[in-house]
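For reference, the structure is listed below as structure tokens.
As the structure lists them, so they are numbered: ligands from 1, and atoms in each ligand from 1. In this text the structure is predicted, and so the values were computed from the model without any measurement.
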Amino acid sequence: MIRHENISLKTYHTFGLEVKARVLVEYESEAELKSLLEEFRGEKILPIGQGSNLLFTHDFDGVVLVSRMHRARALQETKEDVLIEAEGGLVLDELIGQLTDMHLCGLENLSGIPGTVGASAIQNVGAYGVEAKDVISSVRAIAIATGEERIFTPEECRFGYRDSIFKNELRGQYIVTGVTYRLTKDGPYHLDYGNLSEAIEGEPSPETIREAVLRIRAAKLPDVRELGSAGSFFKNPVISSEHFTRLHKQYPQMPYYPQEDGFKIPAAWIIDTLGWKGKREGGAQVYEKQPLVIVNRDNASADDIVRLAAAITASVREQFGIEIHPEVNYI
Ligand code: EPU
């Protein structure tokens with residue numbers, strides 16, 4: 001266990017902002033976590049993994065708990081699949097690298113997504129037609145108030161688009177310490193999204209899909225080790241059929257994806273159409289290659305990012321009548 005007081009959070013989150021936490025503790029086991037929860041009971045607690053989906057809007061006057069639990073093991077194997085239990089602090093992409101080496105299928109489309117195993121369940125992370133929920137078999141968590149362990153079934157997690165019960169009814173109440181994924185030995189592969197199938201070199205396999213996804217991502221998403229960001233800043237909005245029909249007349253070239261409850265419109269396309277690419281607010285900038293991403297171009301302050309995001313949201317509302325919502329969590 002490593003403890004810090006009044007520490008800079010710059011290297012503990014991917015936006016790279018100069019913000020501080022009153023206390024930060026890195027823990028390595030559930031036992032350590034439980035004793036920390038007991039010690040800091042009643043205080044403001046913020047569990048984080050890689051900090052890849054956070055926007056610290058000011059210094060954090062509480063206790064940041066960073067998971068350094070990063071083991072993974074096979075629990076059970078059948079002819080078709082393998083159950084893998086991974087600890088919450090393991091970097092998701094490291095796990096996917098290991099699974100690919102073992103030729104296990106299911107998570108390869110999520111290659112290169114920043115963040116941890118714990119976050120994969122809380123956020124139901126997704127990319128290239130696959131979401132974490134498609135392979136999650138159970139989620140292990142500890143109640144912040146009592147230190148009690150609980151295993152959640154996928155149904156109990158109430159997964160949605162970048163969403164789960166841990167972001168809603170149970171927000172701030174549990175820390176995810178482990179996720180069990182069901183991986184298969186022989187597909188099926190998901191190759192329908194965008195230009196993924198053309199990008200694969202050779203026969204589809206966890207290895208070739210992982211390589212293709214990493215190549216596509218590198219071409220248009222910033223590497224958080226080089227340029228601060230939190231991946232997509234906004235979620236893609238879903239609009240009603242009436243709203244869609246009106247907009248489609250005005251913008252016949254607008255891409256869309258029919259959903260059960262309306263039409264999903266890529267926020268990147270809207271923001272691009274409104275001319276935001278490359279626009280700056282102080283040190284914050286709309287990324288030129290993928291305008292859904294806001295980057296810390298030059299020592300951005302949290303205010304720069306908040307102002308830029310608010311200006312984009314307002315212009316989308318004004319021009320398209322669409323309310324877009326951040327995917328990142330404002331702290
Ligand atoms: N587009 C533009 N201009 C651009 C870029 C994109 O008009 O400069 C339009 C295109 O029509 C394109 C569409 O936006 O087809 C969608 O773009 P993209 O395929 O890059 O996906 P996205 O919807 O912007 C989502 C996820 C990403 C994930 C990609 C690929 C969300 C909020 N974001 O982005 O996830 O990598 O799909 O599956 O759903 C993240 O969550 O942090 C993230 C990076």
Side-chain angles (χ1 to χ4, degrees), residues 13-15 49-55 91-93 96 107-116 119-134 159-164 167 189-199 209-210 212-224 227-239 247-248 251-259 263-279 285-295 305 309 312-313 316 319-320 322-329:
H13 74 294
T14 56
F15 255 127
Q50 271 193 314
S52 57
N53 210 39
L54 301 177
L55 175 59
V91 171
L92 181 66
D93 192 55
I96 299 174
L107 283 169
E108 54 282 354
N109 291 42
L110 307 189
S111 293
I113 294 185
T116 56
S120 78
I122 295 169
Q123 274 283 106
N124 182 24
V125 299
Y128 305 102
V130 172
E131 290 183 324
K133 75 167 173 56
D134 302 338
F159 291 121
Y161 169 52
R162 296 297 191 277
D163 208 17
S164 75
K167 292 181 77 179
Y189 301 115
H190 301 275
L191 309 175
D192 296 338
Y193 187 98
N195 56 350
L196 180 57
S197 56
E198 293 108 79
I209 296 172
R210 176 170 167 76
V213 166
L214 290 176
R215 236 178 301 118
I216 298 173
R217 291 184 70 94
K220 62 179 184 180
L221 291 169
D223 183 337
V224 292
L227 186 61
S229 86
S232 299
F233 195 93
F234 299 101
K235 293 196 220 181
N236 289 320
V238 175
I239 60 175
L247 283 177
H248 187 54
Y251 302 97
Q253 73 285 26
M254 179 174 77
Y256 58 91
Y257 306 98
Q259 310 285 302
F263 290 81
K264 189 182 265 188
I265 310 295
W269 179 85
I270 302 173
I271 297 168
D272 197 355
T273 302
L274 291 172
W276 279 103
K277 264 186 183 171
K279 290 269 166 64
Q285 186 179 34
V286 179
Y287 194 51
E288 299 96 334
K289 297 182 203 161
Q290 220 304 4
L292 201 53
V293 178
I294 294 181
V295 296
I305 297 172
I312 295 169
T313 307
V316 171
Q319 301 289 323
F320 282 81
I322 295 178
E323 203 55 47
I324 53 169
H325 298 283
E327 197 214 301
V328 302
N329 296 309

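If you check each of Ser52, Ser232, Gly231 against atom 33 (N) of ligand 1, the one with the closest non-hydrogen atom is Ser232. Counting only non-hydrogen atoms, the option in Phe233, Tyr257, Tyr287, Trp269 that gets closest to atom 15 (O) of ligand 1 is Tyr257.
Near Pro266, meaning under 4.0 Å from one of its heavy atoms, ligand 1 places the atoms 13 (C), 14 (O), 16 (C). Heavy-atom contacts of Asp272 reach the following atoms of ligand 1: 2 (C), 3 (N), 4 (C), 7 (O), 8 (O) (cutoff under 4.0 Å). Annotation for ligand 1: atoms under 4.0 Å from non-hydrogen atoms of Lys277 are 8 (O). Heavy-atom contacts of Arg217 reach the following atoms of ligand 1: 36 (O) (cutoff under 4.0 Å). Using a 4.0 Å cut-off to heavy atoms of Leu292, the atoms of ligand 1 that qualify are 24 (O), 32 (C). Within ligand 1, counting atoms from 1 as listed, the ones closer than 4.0 Å to a heavy atom of Lys220 are 18 (P), 19 (O), 20 (O).
Side chain of Arg215 to main chain of Ala199: a donor-acceptor pair is present (N/O by atom type, distance under 3.5 Å, no hydrogens or angles). At distances below 3.5 Å, at least one donor-acceptor pair connects side-chain atoms of Asn53 with backbone N or O atoms of Glu327. Side chain of Thr313 to main chain of Ile324: no donor-acceptor pair is present (N/O by atom type, distance under 3.5 Å, no hydrogens or angles). Of the possible donor and acceptor atoms, none in the side chain of Asn124 sits under 3.5 Å from a partner among the backbone N and O of Ser164. Looking at Ser229, its side chain does come within 3.5 Å of a backbone N or O of Gly231 through a donor-acceptor pair.
Across Ile270, Asn236, Val286, Ile312, a single residue satisfies side chain to side chain contact (heavy atoms under 4.5 Å, CB included) together with Leu292, and that is Asn236.
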Salt bridge (Lys or Arg N to Asp or Glu O under 4.0 Å) for Arg210 and Asp93? Distances and angles first, verdict last.
CA-CA 10 Å; Arg210 176 170 167 76; Asp93 192 55; 2.8 Å; yes
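Contacts between Ala127 and ligand 1 below 4.0 angstrom, taking non-hydrogen atoms only, involve backbone and side chain alike. Contacts of Phe234 with ligand 1, taken as heavy-atom pairs under 4.0 Å, involve the backbone alone.
Applying the side chain to side chain donor-acceptor pair (under 3.5 Å) criterion to Lys277, with sequence neighbours excluded, gives Asp272. Every residue two or more places apart in sequence or in another chain was checked for a salt bridge (Lys or Arg N to Asp or Glu O under 4.0 Å) with Lys264, and none qualifies.
Looking only at protein heavy atoms, the nearest one to atom 29 (C) of ligand 1 is Tyr193 OH, 4.0 Å. Counting only heavy atoms of the protein, atom 39 (O) of ligand 1 lies nearest to Tyr161 OH, 2.8 Å.
Of the protein's heavy atoms, at least one falls inside 4.0 Å of atom 4 (C) of ligand 1. Protein heavy atoms all stay at least 4.0 Å away from atom 12 (C) of ligand 1.
Using a 4.0 angstrom heavy-atom cutoff, Gly194 does not count as in contact with ligand 1. Residue-ligand proximity: Gln123 is placed with every non-hydrogen atom at 4.0 Å or more from ligand 1.
Within 6.0 Å of atom OH in Tyr256, 12 or fewer heavy atoms from other residues, nucleotides or ligands are found, so the atom counts as exposed in its surroundings.
Not one N or O of Lys235 is nearer than 3.5 Å to an N or O of ligand 1, by distance alone.
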